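So the structure is just underneath, and the comments pick up after that.
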Number of protein chains: 2
Amino acid sequence: MRRTPTMKDVARAAGVSVMTVSRAFKRDTSVGEETRKRIHAAADDLGYVFDSMAANLRSQRSHFVAVTIPSLNNANFAATVEAMTARLGAAGYQVLLGHTGYDILREEELIAEFLSRRPEAVIVTGGRHTPRARSLLSNAGVPVVETWDLPDDPIGHVVGFSNAACMDLLVDHLAGQGYVRIAFIGGDAGGDTRGADRRRGFVAAMQARGLDATRLIRAGQPPISMHEGAAAMAYLLDKAPDTEAVICVSDLSAFGALTECQRRGVSVPDDIAIAGFGAYDIAGICVPTLTTVDPCPAQIGDRAADLVLTLIETPGGPAVARIEPVLKIGQSTTRDP
Amino acid sequence: MRRTPTMKDVARAAGVSVMTVSRAFKRDTSVGEETRKRIHAAADDLGYVFDSMAANLRSQRSHFVAVTIPSLNNANFAATVEAMTARLGAAGYQVLLGHTGYDILREEELIAEFLSRRPEAVIVTGGRHTPRARSLLSNAGVPVVETWDLPDDPIGHVVGFSNAACMDLLVDHLAGQGYVRIAFIGGDAGGDTRGADRRRGFVAAMQARGLDATRLIRAGQPPISMHEGAAAMAYLLDKAPDTEAVICVSDLSAFGALTECQRRGVSVPDDIAIAGFGAYDIAGICVPTLTTVDPCPAQIGDRAADLVLTLIETPGGPAVARIEPVLKIGQSTTRDP
DNA sequence: GCCTGTAATGTTATCGTTATCAGCCAAGGC
DNA sequence: GCCTTGGCTGATAACGATAACATTACAGGC
């Protein structure tokens, strides 16, 4: 069994010291043009593959950035991560991605695992964590960024927005269109703290306008699916048929709700208006298009990545980068004049 | 600036040697119950975090499994990865996930980066790679699994299915319902080789039944979106209004096509039938529900993970695990009797 | 010719953990 | 009393790279 070659083997083959080989594999280091070529030729010849593990240990730089998101199967978190990966990758960092399943206990485990890989920064989603997770992150000695939220008591840095304020945008829009009896469809209280924040934001926004905020449908364990959105809409149409508009915790559940209306011959928006959250592709193409709020996920990724890159160079005190979500009005809440 | 503590610090604090500390952090090693407790207490006290980097270097085991997928923003790849992560995580492995953007050059870079982290196995999506990527993987000395495809010339192991055969399932179903003038909507020839395989499979399936296979709409750079599916359907309805059925390269483009019909008042399936691929959530809830093919993404993840775990223990010769995709008939292709 | 500067290369000592082997001690068999 | 056995612990030397410093060679200024 052939052992995988090391720098030593390459050095021997090229007739130089290992140090020169090491230098030949880096940029901005002085190695003769001739020598460098010879070394790379020898390396290719031997099938040498650089060993980051050893390099990381000696240089105490892992070039990892740990990132946790609740779920891989979510276009918005995916967009955030893709944006991060692009920026961090360009700067020579590798993203170590994990998903928590919306479970802060699982998040804690994941953070512990990740920290043992000595990432140079950690980016987490949301502002709620277990005490041990908080403590691990605080003591990790690397920049920590919380995203997709504006925590009351941040661990370190923040790149996010107020989920509650997004609901204010929607309620404002609906109230402006003259809707009064407005319902909310979301998940049960559970792991999805951003969903729970939006529910709270809905209640606050309604109360601030003197509107009844008791039409709250709990549609199952969050995050709720299209099917659960449909079931919730069925329940709503049966139990509170005088409802004029409904805000769903996400576009996916909103679309499910829309399909239930279609199956029943209930017209949207003439009989009932529907709004969602997230600006998923589907909101822009379904018939009618859905009113929603765009949380600018790629912007979150970009900003978080930039922040991390800055902080790795020059550590700095906590900062909050506020993202401004954008109301996108669709056909599903547009009342005929 | 306080240096992060090492085993040496823990050993000193607990009054034992570093070796004993090392043992105390593993299972199945003989350390006195008293001593173990004392060591863990000292570790917690100091805020010690185990350093995998050093452990990996010495033990020559990274506990990484590298996984590449074309895109994060895809429910099916996400399902595959979530299934893998669950199994591999339970066995103590960490998934190193990267996305290629459907670009085999980017895939090559990613594979090179990943290999320098010394993963214990590599799982890639699809069977088309650059020559250098193939060579890197072949020489890596670790198990390699290709998924989501049945490559003609596999690098190592395979867990996949025939994308072309899936189209045969759909054409068979449509032809059985009496449809004759059937079109295909897909992306331009490009990075999405599985989409291209499905296009080829469509042509083959049509020709095998003596049907005209020339209604091929190219809807843009793959993977095509809902919007591109809608635009392609608009084109099809304009240029070939006698088309009776259309198969789309994915459910997402199929849904886009469906919305275009809704906007035009074209009835599905009465005026035109639509089928997709992927069994995404949306196919099961939109009105009408879409006929599709379920590639069983979670099963792919499970099987690939099991295979990798077996191979890490006892390397074995190449094997092919064939997944059988399942036709799911929806309302969108059901002709009235 | 001597000094200084700079580019290219080499030497040595680690980074933090674990593999390996050796040592110690108590219990038990003869 | 001596040897074996097994449970626990320690000493030492790596794993494969790089930081830090040392060395060499050669050019140019005086």
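Order of the sequence lines fixes the chain letters, A, B, ..., with proteins taken first and strands second; residue numbering starts at 1 for each chain. Remember, it's a predicted structure, so these values are computed and weren't measured experimentally.
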- Base of dG16(D) paired with side chain of Arg118(B) (donor-acceptor, under 3.5 Å): no
- Query: Any N or O donor-acceptor pair linking the side chain of Arg58(B) to the base of dT18(C) at under 3.5 Å?
  - Reply: yes
- Just call it for Phe25(A): base, sugar-phosphate, or nothing, with non-hydrogen atoms closer than 4.0 Å on any strand. nothing
- Identify whether any heavy atom of Thr35(B) sits under 4.0 Å from a base atom; if not, whether one sits that close to sugar-phosphate; answer base, sugar-phosphate or nothing. sugar-phosphate
- Ion pair check, Asp9(B) and Arg12(B), cut-off under 4.0 Å: yes
- Message: Checking Ser17(A) against Thr20(A) for the side chain to side chain donor-acceptor pair (under 3.5 Å) test, could you report, in this order, the C-alpha distance in whole Å, the side-chain angles of both residues, the deciding distance, and whether it holds?
- Response: CA-CA 5 Å; Ser17(A) 72; Thr20(A) 305; 3.2 Å; yes
- Picking from dT18(C), dA17(D), dT9(C), the nucleotide nearest the side-chain atoms of Phe50(A) would be dA17(D)
- Measure from the side chain of Arg23(A), starting at C-beta and using heavy atoms only, and say which of dC21(D), dG10(D), dG16(C) lies closest. dC21(D)
- Task: Starting from C1' on dG16(C), measure out to CE on Met53(A) and report it in whole angstrom.
- Result: 12 Å
- Mind calculating the distance between CG (Asp9(A)) and C1' (dG16(D)) to the nearest angstrom? 11 Å
- Message: Is the ring pair Phe50(B)/Phe25(B) parallel, tilted or perpendicular, if the boundaries are 30 and 60 degrees?
- Response: tilted
- Nearest-nucleotide wise, let me know which of Val16(B) and Leu57(B) is further upstream toward the 5' end of DNA chain D. Val16(B)
